[in-house]
**Student:** 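Have a look at the structure that comes next, please.
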Amino acid sequence: MAHTPQDVLNWIKNDGIQVIDLKFIDMPGTWQHLTLHHSQIDESSFTDGVAFDGSSIRGWKAINESDMSMVPDPTTAWIDPFMAEPTLSMICSIQEPRTGEPYSRCPRSIAQKAIDYLASSGVGDEAFFGPEAEFFVFEDVRFDQTENKAFYYVDTKEGRWNTGRVEEGGNLGYKPGYKQGYFPVAPTDSLQDLRTEMLLVMEKCGVEIEKHHHEVATGGQCELGFKFAPLIQAADALMAYKYCIKNVAYKHGKSVTFMPKPLFNDNGSGMHTHQSIWKGGQPLFWGEGYANLSPMALHYIGGILTHAPALLAFTNPSTNSYKRLVPGFEAPVNLAYSQGNRSASIRIPLSGPNPKAKRLEFRCPDATANPYLAFAAMLCAGLDGIKNQIDPGDPLDVDIYDLTPEELAKIPSTPGSLLDALEALRSDHSFLTETGVFTEDFIENWIEYKLDTEVNPMRLRPHPYEFALYYDA
């Protein structure tokens, strides 16, 4: 593992590496990349960056101010396992070439500002995040939208809907039942070897791996686990996670999606996000309060719950996100906290007597989120709770399904749509901007981008199910 620019340059020279791949994240949350001959990288590249045209990157520069620089982080260097020619890959942050300042719309730079704000606040010096991103594996994916038709079609041999299908070699019937995918052994779980390969490839890319398993839904829902890490490193690891999983699946003629709700009537895919604050190498969330939480941890929870409707504009930033956040599928729709209730938006995992394991788990997010923005926003919300000593209220340690409608109505719930979350962000974002982590320009640009490219286009298009409801009206 390289640690300095010189380490990377020595690696390139000693191993005779010919090509360097520089990866960076765009505003919505997709990796982009530029591949260079090794002669184009020297020590100045790690400070001045490598010039590129940012005018075509979603949500970024206008064409008349398109020159930008990507600055590689030497600690992220690894050999890309999916390229025929040995290629050294590094993750970059974006800076303004004229001033040398971090670009205000670069998600990775925003995440760094969140860590800087944490340190300047005196509350702590490190924020650890541990995302658990679920996904589906399909073998056939088709969709189309024109003026006179719209459809999607996903399929996999594992799908319970295929128990009656004639299959080559015979239908052997081992297909997980609806909501029964967690987690039978093979042959019902047909993806064991694929997940193992995904996990081991991730390790080659510098991700500290832990485990893998099938998830609840039929149709190939899975999850791989990697070790929690400081905020930026956790976001870097998540991007490598998505990259590895998609490319390993593609190599085997399969397709992966992190869409929260690609299937009707079964569990969706979330990204439960564990988080804690440390200072001087010591955990700060352990205490003598509820579930062994410290007052700081409870105030952090208060901040997350208070700002949750606005937070979801970053943690659940797709229109599809809100098809997962509905009651009845272990969905974390209740803005409350609990040490056992999985329908609460914040769960306190059992950690035994180990203070270092004490953390909270925000269960709303999904992996359509840009992790740098989502983690930074969650940290800002939690720090606002600590700063203002926000009381999170009583925990929700009851069976949600036993509550009366009157009792349930007293529990706040997540927004019902991306539009609702964006409107919440428009009215509640001072906890992001007063810290200097996010700018007003970024918030406004994010809202307008989401409205223009996702919310409003969805409003314009008839939904196939509307024909079943209304065609004979």
Side-chain angles (χ1 to χ4, degrees), residues 28-29 110 114 260-261 268 270-273 275 298-327 329 331-338 341-347 360-371 373-388 390-396 400 408-435 437-438 440 442-451 454-456 458-459:
I110 290 172
K261 195 73 170 181
M271 186 178 71
H272 306 153
T273 304
Q275 48 204 283
L298 288 167
H299 292 146
Y300 189 102
I301 290 171
I304 294 284
L305 294 176
T306 296
H307 298 297
L311 274 182
L312 264 64
F314 290 115
T315 63
N316 302 73
S318 72
T319 59
N320 188 252
S321 297
Y322 299 86
K323 292 180 169 59
R324 165 181 166 255
L325 292 177
V326 294
F329 296 89
V333 296
N334 301 290
L335 294 179
Y337 68 104
S338 172
N341 195 331
R342 292 178 183 269
S343 65
S345 58
I346 294 179
R347 186 176 74 92
L360 63 92
E361 174 193 19
F362 189 39
R363 294 175 61 81
C364 293
D366 63 62
T368 59
N370 182 320
L373 301 179
F375 298 169
M378 284 186 271
L379 179 59
C380 286
L383 290 175
D384 187 65
I386 294 170
K387 175 184 175 182
N388 294 297
I390 298 177
D391 184 354
D394 295 329
L396 184 67
I400 192 72
L408 194 59
K410 296 177 183 178
I411 303 171
S413 61
T414 53
S417 69
L418 178 57
L419 177 61
D420 291 343
L422 293 170
E423 291 302 326
L425 178 63
R426 193 188 296 278
S427 62
D428 175 29
H429 60 260
S430 62
F431 72 97
L432 301 172
T433 55
E434 288 179 354
T435 62
V437 175
F438 290 77
E440 289 284 351
F442 187 90
I443 298 294
E444 186 60 31
N445 186 53
W446 179 265
I447 292 171
E448 294 308 313
Y449 178 86
K450 287 289 175 178
L451 290 174
E454 298 175 41
V455 173
N456 291 333
M458 281 290 292
R459 283 171 157 177

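Nothing here was measured: the structure is a model prediction, and the numbers come from that model. Basis for what follows: all heavy atoms, side chains included, without hydrogens, waters or symmetry-related copies.
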**Student:** Roughly how far, to the nearest 0.5 Å, is CG of L373 from CZ of F375?
**Tutor:**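 Interatomic distance, F375 CZ to L373 CG, rounded to 0.5 Å: 10.5 Å.
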
**Student:** List for me each residue that meets side-chain contact (heavy atoms from CB on, under 4.5 Å) alongside D428, sequence neighbours excluded, and say none if there are none.
**Tutor:**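 Expected list: H307, A310, F431.
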
**Student:** Are P317 and N370 close enough that some pair of their side-chain heavy atoms sits under 4.5 Å apart?
**Tutor:**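 No, their side chains stay 4.5 Å or more apart.
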
**Student:** What is the distance from atom OG1 of T273 to atom CE of M378, rounded to the nearest 0.5 Å?
**Tutor:**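 With rounding to 0.5 Å, OG1 (T273) is 4.0 Å from CE (M378).
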
**Student:** Any side-chain to backbone donor/acceptor pair from T306 onto G303? Under 3.5 Å, distance only.
**Tutor:**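 Pair absent, no side-chain N/O of T306 close to backbone of G303.
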
**Student:** Can you find a pair of side-chain heavy atoms, one from L418 and one from L451, that are under 4.5 Å apart?
**Tutor:**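 No, too far: nothing below the 4.5 Å cut-off.
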
**Student:** Is a side-chain N or O of Y322 found less than 3.5 angstrom from the main chain of T414, in a donor-acceptor match?
**Tutor:**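 Not at all, since once roles are kept as given, no pair shorter than 3.5 Å links the two residues.
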
**Student:** Could you list the residues that satisfy side-chain contact (heavy atoms from CB on, under 4.5 Å) with T435, not counting sequence neighbours?
**Tutor:**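 Once residues adjacent in sequence are excluded, the partners of T435 under the side-chain contact (heavy atoms from CB on, under 4.5 Å) criterion are Y117, C380, V437.
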
**Student:** Hey, does the side chain of S413 reach the backbone of N334 with a donor-acceptor pair shorter than 3.5 angstrom?
**Tutor:**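 Side chain of S413 to backbone of N334, a donor-acceptor pair under 3.5 Å: no, none is there.
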
**Student:** If we ignore hydrogens and angles and just use 3.5 Å, is the side chain of N320 paired with the main-chain N or O of K261 as donor and acceptor?
**Tutor:**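 Yes, because the side chain of N320 sits within donor-acceptor range (under 3.5 Å) of the backbone of K261.
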
**Student:** Of the non-hydrogen atoms in A344 and L396, which two are nearest, and what is the gap between them?
**Tutor:**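 Heavy atoms only, the tightest pair is CB-CD2, 4.4 Å.
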
**Student:** Looking only at heavy atoms, what is the nearest atom pair of N316 and C364, with distance?
**Tutor:**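 Shortest heavy-atom contact: ND2-O, 2.6 Å.
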
**Student:** Between D366 and T368, is there a side-chain donor-acceptor contact under 3.5 Å, judged purely by atom types and distance?
**Tutor:**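 Short answer, yes.
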
**Student:** Which value, rounded to the nearest 0.5 Å, describes the distance between R363 atom CZ and M271 atom CE?
**Tutor:**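 If I round to the nearest 0.5 Å, the distance is 13.0 Å.
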
**Student:** Any idea which heavy atoms bring L379 and A114 closest together, and the distance?
**Tutor:**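 Shortest heavy-atom separation between L379 and A114 comes out as CD2-O, 3.8 Å.
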
**Student:** Would you call R324 and P332 a side-chain contact if the rule is heavy atoms closer than 4.5 Å?
**Tutor:**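 They are in side-chain contact.
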
**Student:** Y337 side chain to G302 main-chain N or O, any donor-acceptor pair under 3.5 Å?
**Tutor:**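 Flag not set: sc Y337 to bb G302 has no pair under 3.5 Å.
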
**Student:** What's the shortest heavy-atom distance between A331 and L325, and which atoms?
**Tutor:**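 The pair with the smallest heavy-atom distance is CB-CA, 4.3 Å.
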
**Student:** Would you give the length of the straight line joining atom CH2 of W446 to atom CZ of R426, rounded to the nearest 0.5 angstrom?
**Tutor:**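 W446 CH2 to R426 CZ: 14.0 Å, rounded to 0.5 Å.
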
**Student:** Rounded to the nearest 0.5 Å, what separates atom OG1 in T315 from atom CZ in F362?
**Tutor:**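 If I round to the nearest 0.5 Å, the distance is 5.0 Å.
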
**Student:** What are the two closest non-hydrogen atoms of A336 and I411, and how far apart are they?
**Tutor:**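 That would be CB-CG2, 4.5 Å.
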
**Student:** If you round to the nearest 0.5 Å, how far is CG of N456 from OG1 of T319?
**Tutor:**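 Separation between the atoms: 11.5 Å.
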
**Student:** Is there side-chain contact between F314 and L432, with heavy atoms separated by less than 4.5 Å?
**Tutor:**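 They are in contact (side-chain heavy atoms under 4.5 Å apart), so the answer is yes.
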
